[in-house]
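Single-structure report; data block below.
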Amino acid sequence: MFELALESQGPERTAHLLQKLAKQLRAGSPELLRTFNTPYINTIPLNQQPPYPGNRDIERHIKSYIRWNAMAMVVKANSTTDVGGHISTYASAATLYEVGFNHFFRGQSKNFPGDLVYFQGHAAPGVYARAFSEGRIDERHLQNFRQELAEGGGLSSYPHPYLMPEFWQFPTVSMGLGPLLSIYQARFNRYLQARGLVRWKEEPKIWAFLGDGESDEPETLGSLTLASRENLDNLIWVVNCNLQRLDGPVRGNGKIIQELEAAFLGAGWNVIKVIWGSDWDRLLARDKSGLLLKRMEEAVDGDYQKYSVEPGSYTRRHFFAKYPELLELVNHLTDEQIHKLVRGGHDPRKVYAAYKAAAEHKGQPTVILAKTVKGYGLGEGGEGRNITHQQKKLNEKELREFRERFNIPISDDVIAEMPFYRPPADSAETKYLLERRKALGGFLPARKFVPKPLDVPELDDFAEFLKGLNTGVSTTMAFVRLMKILLQHKGIGKNLVPIIPDEARTFGLDALFKDIGIYSSKGQLYDPVDSESLLYYHEAKDGQILEEGITEAGSMSSFIAAGTSYATHAVPMIPFYIYYSMFGPQRVGDLFWLAGDIRAKGFLLGATAGRTTLNGEGLQHQDGHSLLHAGSIPTCLPYDPAFAYEIVVIITDGLRRMYAEGEEIFYYLSLYNENYPMPAMPAGVEDGILKGLYKFKPGADGKKHKAHIFGSGPIIHSALRAQEILAERYNVSADVWSATSYKLLRTDAIRCERWNRLHPTQPPRKSHIETLLAKEQGVFVAVSDNIRTVPDQIAPWVPGGLMTLGTDGFGRSDTRPRLRRFFEVDAESTVIATLYALAQKKLLKPQLVEKAIKDLGVDPEKLQPQLV
Ligand SMILES: Cc1ncc(C[n+]2csc(CCOP(=O)(O)OP(=O)(O)O)c2C)c(N)n1
Ligand SMILES: [Mg+2]
């Protein structure tokens, strides 16, 4: 009946009828029609396939040379070194990239930032090989693949903007991060447009290339619905379904393409499957029984992998021969021809059709699921084998086969040396390739931009903070007030991007909702329940806040998109990402690391920090180690400020360094939720705040003993209270110092020490910490709401050593005083530690320490936080 309808009324009307019927069926028995899959064939039928616009012969030659060079650079590097590399990923993806380079990826031009392409990390050799064909890099570079420290430099293993800042834009090789970032990048592009910060002549596309194995990472599929909810039709994903990952098949017992199709369709994406090459069109057209499709659907990926490895006779016997009718279908083909029946991802016509449809699709992001063979063209050595991902060497016989298969003009006498091949400048290939790139606006990947310094605020703009705040506030509240001023600033106000994962109310940022709005591409379609109140939940099309919901990974991705906007779009944006400190680097540390690699700028604010300052919440929430994580990132400056003026000094200096001077660094600040009055800024402390340590309050004069206590964050009050007790009861004058950044003190000291080591006969350099402490007498104690390793970072440069108190161990739910006693970071414990440090130096008797322990009510047999 439907066939009749199709003939007489056409496909659209028939589809309408079918949908109506499906709706009725679902209403009655939903389980009957529960499917999110289409048949295992190409989404675009032959009769809708557009003609191929390029010269397929020339393109094939170009692609073959790139294949050869990509392979040769890896094999060559591994013939003399053990630096590794991958040949099979690019071998399977060459057509997917080349169709993009010749027909789709647009370069940067005036008023157009270029398409943003996330290249699959392990395909990097192919991208270098193409840049070589384009004349952008030379033989020496290819020669030094993965040998960056060789004379004259080399090429980084994977896409790393930190290492190749004029070439790579987006790091991808940590599986899952590229796909995730691409979604938030596409959304951030929309945000910039909605806020009127960019005016492009065309909207750039974001292309993300990923592996089918990579789809196992939760980061890959975790944010799909954001892309469809936001109608990101500027986003195209290409999943290279070569059916293999590192160890073996991705879904040997199933079908990765069908599994992904269901997931993406369910998430609201436009899905285009590119499974079969043109050779199969003829077979499918001749198969009137429907058995070919049936057989295609029966075979699992493990079978398909085997068909790529075995000769055509195997496929004839095991795939076609299952049904006699099918066997007849391929009677006219030799075994060799059967083996060469090409898969969709290796057929430029199919790939072009998919890309064109994706680029033109409106209203949804598109995913292209392209079936390929891993190690395509590597022959018996590597094609489709389980070991192929790790393969880095080819013997001479395999090299010859490769050359023959792809027609590379390299003669027998030199083939063993694996020379790179670049056709002459006046060859048809070189001319074609350059002409195509010219027509598309220039080369990529390329990371190029004209720096645009911003008119950043000065310290004087924050006079109220420098004068002190008498009412008790937390450093988080102080920061929120600072944000309000920054948002009003004429030089940078509009460049700010406040980012929050559903905790605005926790931090008091809801105060910003009404004024600057929460970005929503749809505006606000409803009347919010709190519309009567002053701080109502205000969504707007040009909203400035990115309220990400409960996703730290997504929020970090937005931080990265905003923090690299200065390079991606030459529009400097200043992200302030504020979140629960514990769910920062501990949860999404790989994205923190990537933020360094990609040269992101901005401020990360780990709020509710401190294992004892965040009371009540307990083990899962109380953070005492993020400063260490953050400090391990080479371009991250971690700070642990105690007072509002310190925050102001750090942030204004950060704005100057990043947005006026152009430094490619970012900041991490611990913020806390304990309220106390904020003192006025003492004179002359700015330099110390920025370098990591300054004397905040000298101890009383005329005491017998001298000590120094370093405190940070709210725990500085343990030091201040200890200072009083020590003076009043134990005849000790203790200076209290604010330690704003142990990491920066340490790196400065390391830098000096290293220079001295390598220049032993020259006058030694002295670090800030050594200079600062050189003249000080007495003992040194540090107390922190973080694990001891944080202050211990500077111990080697503290005269006479450093006694450290910190919050090592799992947190507990309780009140602040009890927690601080438990972890021994309260004032009393600080007094005891100071006296003990003096006793160790034989400056006072141990009996006095024992007496103090008793007098101060500390139980020496008390429970200790678990340490193993
Ligand atoms: C987070 C992370 N885990 C593990 C790896 C190690 N690794 C590198 S490649 C690879 C397999 C990739 O398979 P697939 O995504 O299918 O890519 P392709 O087959 O195209 O090479 C693995 C596990 C990694 N790079 N990143
Ligand atoms: Mg794979």
Side-chain angles (χ1 to χ4, degrees), residues 67 70-71 74 83-98 100 118-127 146 156-160 170-182 207-222 237-252 254-260 263 274-275 300-302 304-305 308-309 343-346 351 367-378 382-392 553 556-557 585 587-594 597:
R67 280 181 186 285
M71 177 276 294
V74 177
V83 294
H86 301 87
I87 48 187
S88 306
T89 302
Y90 181 73
S92 68
T95 301
L96 302 178
Y97 286 116
E98 278 305 295
Y118 289 71
F119 294 97
Q120 204 185 339
H122 300 79
V127 183
R146 287 190 172 220
S156 65
S157 48
Y158 301 118
H160 294 303
F170 306 111
T172 47
V173 80
S174 178
M175 315 248 102
L177 301 192
L180 174 72
L181 290 173
S182 73
W207 293 81
F209 287 81
L210 52 143
D212 46 0
E214 187 170 8
S215 68
D216 284 341
E217 292 285 3
E219 287 86 348
T220 304
L221 301 185
W237 278 16
V238 182
V239 188
N240 177 14
C241 297
N242 56 23
L243 314 185
Q244 288 179 241
R245 45 183 167 75
L246 196 156
D247 285 339
V250 177
R251 294 289 182 273
K255 282 198 184 61
I256 187 64
I257 290 182
Q258 297 301 86
E259 182 179 320
L260 289 177
V274 181
I275 305 179
V300 290
D301 282 356
Y304 285 111
Q305 190 188 347
S308 68
V309 171
R343 291 188 184 168
H346 296 300
V351 174
V367 63
I368 293 162
L369 304 171
K371 182 159 159 167
T372 61
V373 174
K374 190 143 177 169
Y376 185 74
L378 296 179
E383 201 171 272
R385 312 266 157 183
N386 278 339
I387 47 83
T388 188
H389 187 86
Q390 301 292 65
Q391 185 172 10
K392 311 176 191 327
M556 260 317 276
S557 303
R587 174 132 189 158
V588 289
D590 209 359
L591 284 161
F592 271 59
W593 186 251
L594 188 147
D597 184 352

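Each ligand, and each atom within it, is numbered from 1 in the order the structure gives.
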- [ ] Flag R245 as yes when one of its N or O atoms lies below 3.5 Å from any N or O atom of ligand 1, and as no otherwise.
- [x] no
TODO: Around atom 5 (C) of ligand 1, find the nearest protein heavy atom and jot down its residue, atom name and distance.
DONE: M175 CG, 3.9 Å
Open item on the list: My understanding is that only residues two or more places apart in sequence, or in another chain, count here; which of them pass side-chain hydrogen bond (donor to acceptor under 3.5 Å, both in side chains) with W237?
Closed with: S182
TODO: Considering heavy atoms of the protein only, find what lies nearest to atom 8 (C) of ligand 1 and give residue, atom and distance to 0.1 Å.
DONE: H122 NE2, 3.1 Å
Open item on the list: With respect to D590, determine whether any N or O atom, backbone or side chain, lies less than 3.5 Å from an N or O atom of ligand 1.
Closed with: no
TODO: Pull up every protein N/O/S atom sitting under 2.8 Å from the Mg ion (ligand 2), skipping waters.
DONE: D212 OD1, N242 OD1, Q244 O
Open item on the list: Let's go through D216 and R251 carefully: what are the C-alpha distance in whole Å and the side-chain angles of both, what is the deciding distance for salt bridge (Lys or Arg N to Asp or Glu O under 4.0 Å) to 0.1 Å, and is it a yes or a no?
Closed with: CA-CA 10 Å; D216 284 341; R251 294 289 182 273; 2.7 Å; yes
TODO: Scan side-chain atoms only and decide if Q244 and D301 contain a donor-acceptor pair under the 3.5 Å cut-off.
DONE: no
Task: ring-ring contact (aromatic ring centres under 6.0 Å, His included) partners for Y376, two or more places apart - done: H346
TODO: I would like to know whether F119 and Y97 meet ring-ring contact (aromatic ring centres under 6.0 Å, His included); could you show each step before the answer?
DONE: CA-CA 9 Å; F119 294 97; Y97 286 116; 5.7 Å; yes
Open item on the list: Residue-level breakdown please: for N242 versus ligand 1, do any non-hydrogen atoms fall below 4.0 Å on the side chain, on the backbone, on both, or on neither?
Closed with: side chain
TODO: Report yes if K374 has an N/O atom closer than 3.5 Å to an N/O atom of ligand 1; otherwise report no.
DONE: yes
Task: N/O separation below 3.5 Å, V250 to ligand 1 - done: no
Open item on the list: How far is atom 11 (C) of ligand 1 from the closest protein heavy atom, and which atom is that?
Closed with: L246 N, 3.6 Å
- [ ] Apply side-chain contact (heavy atoms from CB on, under 4.5 Å) to the pair D247 and N386, showing each step before the final yes or no.
- [x] CA-CA 6 Å; D247 285 339; N386 278 339; over 6 Å; no
- [ ] Report yes or no: does Q120 have a heavy atom closer than 4.0 Å to ligand 1?
- [x] yes
Open item on the list: Any nitrogen or oxygen of G213 lying under 3.5 Å from a nitrogen or oxygen in ligand 1? Just yes or no.
Closed with: yes
TODO: Decide whether an N or O pair under 3.5 Å exists between S174 and ligand 1.
DONE: no
Open item on the list: Can you tell me which portion of Q244 lies within the under-4.0 Å heavy-atom range of ligand 1? Options are side chain, backbone, both, or neither.
Closed with: backbone
- [ ] Return a yes/no value for E214: is any of its N or O atoms, backbone included, closer than 3.5 angstrom to an N or O of ligand 1?
- [x] yes
- [ ] Taking salt bridge (Lys or Arg N to Asp or Glu O under 4.0 Å) as the test, write out the residues that go with D590, two or more places apart.
- [x] none
